[in-house]
Amino acid sequence: MSSPVKKYKIHVPATTANIGPGFDVCGIALSLSLTVLVTIPTDGKGDAIPVISYTGLDSANVPLSPYKNLLTRVALYVLRSNGVDSFPPGVQIHAHNEIPFGRGLGSSGAAVISGVLLGNLLGNLNLPTSRLLDFALMVERHPDNVTAALVGGFVGSYLKELAPEDLEAATVPLAEVLPEYPPDAGPNWGEHPPKAPYGIGHYVRFGWAPEIKAIAVMPRFELATAKARGVLPNEYSRKDIVFNLQRLAVLTTALSRSPPDPELIYDAMKDKLHQPYRVPLIPGLSEILEKLTYQTYPGLLGICLSGAGPTILALATDNFDTIAKEIERIFGTHNIEVDFKTLTIDTKGSWVEEVAADATI
Ligand SMILES: Nc1ncnc2c1ncn2[C@@H]1O[C@H](COP(=O)(O)OP(=O)(O)OP(=O)(O)O)[C@@H](O)[C@H]1O
Ligand SMILES: N[C@@H](CCO)C(=O)O
């Protein structure tokens with residue numbers, strides 16, 4: 001006879017980051033999700049390590065060892081940081097994914113947030129949102145995707161300046177925070193991870209005009225965020241920084257006003273801090289940013305790279321298919337195939353629910 005179980009579903013939305021000038025600052029949660037079904041035996045019996053399975057987008061290439069999979073490594077990091085050395089026995093994890101990997105729609109941020117919520121659930125930790133964010137930020141150091149994924153909506157965030165001892169913990173390489181456990185590692189293997197400082201991330205939710213939708217045009221190739229960050233300079237001119245600051249200050253309020261003003265938003269979504277440097281990695285990007293204007297495509301409000309790319313984000317109130325098809329056409333001239341979707345803004349963020357013992361994804 002099988003063990004009695006408790007089951008939970010963790011829901012985490014996709015996110016787009018930067019929105020043009022808000023590099024590493026702004027994020028928006030979108031209507032695609034990563035859903036994780038967690039089964040926990042109530043009699044404490046079962047395999048010592050969780051059994052993982054995946055369905056949905058990009059699921060064929062995900063590592064299924066809990067010591068290699070990003071989601072479960074983050075969960076173990078949260079458990080170990082809170083005095084719980086190992087996963088409880090008999091846990092089964094099934095993830096269903098709608099967020100394409102490495103396209104600039106926050107797949108890794110969603111995996112990190114699911115992992116933090118999974119650790120919180122498996123350890124009965126009852127951590128408050130700010131502490132969940134601390135752990136997420138120890139893993140994914142830029143706050144834009146993980147904050148929006150956790151709290152939902154259109155969000156701006158910053159990282160607190162840390163005390164020297166905390167700074168040391170926060171700059172520990174990811175590989176040490178999330179050790180890649182050897183396959184034969186026992187539950188007590190290795191050193192404990194560095195402590196996550198308290199209150200690293202601070203955020204505010206902006207308003208959002210309900211008629212604005214997000215068109216995501218997703219090229220069918222992956223661009224690792226690490227590679228797209230690697231091409232950015234370490235220093236910028238005052239002129240370029242001021243260019244972005246001026247637009248960012250206007251954009252955060254302009255996107256909350258109904259009806260939205262295309263003339264104001266279009267220019268406020270321009271950027272000089274990351275997009276120009278990423279052009280060589282995304283054939284067609286400059287042409288797309290120049291060619292699609294609010295004057296030539298009624299309904300278009302603004303256009304930018306989604307996160308680190310290669311997805312293009314167009315904010316619009318109308319003509320969604322026409323706008324997406326023009327972006328598709330330009331990518332096509334560079335022999336790049338795309339998929340596109342018109343998405344709405346997810347205002348709920350991440351949430352966990354207990355479900356019936358016979359529930360499936
Ligand atoms: N659901 C998941 N489960 C396990 N690993 C995942 C999951 N989603 C993403 N990953 C890991 O994260 C990698 C993608 O991360 P990366 O930061 O490069 O892109 P992204 O998060 O999709 O884009 P961006 O950060 O620009 O929005 C994948 O190749 C995979 O290794
Ligand atoms: N702000 C980050 C987002 C990555 O998703 C970047 O542009 O590199």
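Every number for a ligand or one of its atoms is a count from 1 in the order of the listing.
- Taking 4.0 Å as the cut-off between side-chain N and carboxylate O, R329 and E326 count as a salt-bridged pair.
- Protein heavy atom in closest approach to atom 28 (C) of ligand 1: F101 CD2, 3.6 Å.
- Residue D24 approaches ligand 2 through these ligand atoms, each under 4.0 Å from one of its heavy atoms: 1 (N), 2 (C), 6 (C).
- Looking at H96 and T35, their side chains never bring a donor and an acceptor atom within 3.5 Å of each other.
- Contact record, Y266 with L289: OH-O, 3.3 Å, taken as the closest heavy-atom pair.
- Heavy atoms of other residues, nucleotides or ligands lying less than 6.0 angstrom from CD of E165 number more than 12.
- No donor-acceptor contact under 3.5 angstrom links the side chains of S256 and T253, judged on distance only.
- Among all non-hydrogen protein atoms, the one lying nearest atom 11 (C) of ligand 1 is L70 CD2, 4.0 Å.
- Using bins of under 30°, 30° to 60° and over 60° for the plane-to-plane angle, the ring pair W351/H11 lands in the parallel bin.
- The closest approach between N97 and ligand 1 stays at or above 4.0 Å for every heavy atom of the residue.
- Less than 4.0 angstrom separates some heavy atom of A308 from each of these atoms of ligand 1: 26 (O).
- Residue L34 approaches ligand 1 through these ligand atoms, each under 4.0 Å from one of its heavy atoms: 1 (N).
- In this structure, G102 has a heavy atom closer than 4.0 Å to ligand 1.
- The distance from ligand 2 to the heavy atoms of D144 drops below 4.0 Å at these ligand atoms: 1 (N), 2 (C), 3 (C).
- Here D24 pairs with R229 in a salt bridge; the nearest charged N to carboxylate O distance falls below 4.0 Å.
- When distances from atom 19 (O) of ligand 1 to the protein are checked, a heavy atom turns up under 4.0 Å.
- Ranking protein heavy atoms by distance to atom 27 (O) of ligand 1, first place goes to G106 N, 2.7 Å.
- Remark: ligand 1 atoms within the under-4.0 Å shell around heavy atoms of A111 are 2 (C), 6 (C), 7 (C), 8 (N).
- For A95, the closest heavy-atom approach to ligand 1 does not fall below 4.0 Å.
- With F101 as the aromatic partner, R103 does not meet the cation-pi criteria of under 6.0 angstrom to the ring centre and within 45 degrees of the ring axis.
- Under the 4.0 angstrom criterion for non-hydrogen atoms, R278 is in contact with ligand 2.
- Remark: R131 is positioned above the aromatic ring of Y198, its terminal NZ or CZ atom under 6.0 angstrom from the ring centre and at most 45 degrees off the axis.
- Closest to atom 21 (O) of ligand 1 by heavy atom, among P100, S108, P63, is S108.
- For ligand 1, the atoms lying closer than 4.0 Å to a non-hydrogen atom of R103 are 22 (O).
- No donor-acceptor contact under 3.5 angstrom links the side chains of T311 and S306, judged on distance only.
- Contacts between L105 and ligand 1 below 4.0 angstrom, taking non-hydrogen atoms only, involve the backbone exclusively.
- Taking atom 16 (P) of ligand 1 as the reference point, the nearest protein heavy-atom neighbour is T225 OG1, 3.3 Å.
- Y54 and N69 share a donor-acceptor pair across their side chains, judged by distance under 3.5 Å alone.
- By the 30° and 60° cut-offs, the orientation of the rings of Y158 relative to H202 is parallel.
- Near S107, with a cut-off below 4.0 Å to any heavy atom, the atoms of ligand 1 are 8 (N), 9 (C), 14 (C), 20 (P), 21 (O), 22 (O).
- The closest side-chain donor-acceptor pair between N145 and T15 falls under 3.5 angstrom.
- Numbered from 1 in the order shown, with element, the atoms of ligand 2 that lie under 4.0 Å from a heavy atom of T225 read 4 (C).
- Close approach to A224 involves these atoms of ligand 1, each under 4.0 Å from a residue heavy atom: 18 (O).
- In terms of polar-atom proximity, H274 is not counted as a contact of ligand 2, lacking any N or O under 3.5 Å from an N or O of the ligand.
- Near V62, meaning under 4.0 Å from any of its heavy atoms, are these atoms of ligand 1: 3 (N), 4 (C).
- A salt bridge is absent between K7 and E354; no separation between the charged side-chain nitrogens and carboxylate oxygens falls under 4.0 Å.
- Of all protein heavy atoms, the one lying nearest to atom 4 (C) of ligand 1 is Y54 OH, 3.2 Å.
- What sits closest to atom 5 (O) of ligand 2 on the protein, heavy atoms only, is N145 OD1, 2.8 Å.
- The environment of E337 atom CD is sparse: at most 12 non-hydrogen atoms of other residues, nucleotides or ligands sit within 6.0 angstrom.
- Backbone and side-chain nitrogen or oxygen atoms of R229 are examined, and one is located within less than 3.5 angstrom of a nitrogen or oxygen of ligand 2.
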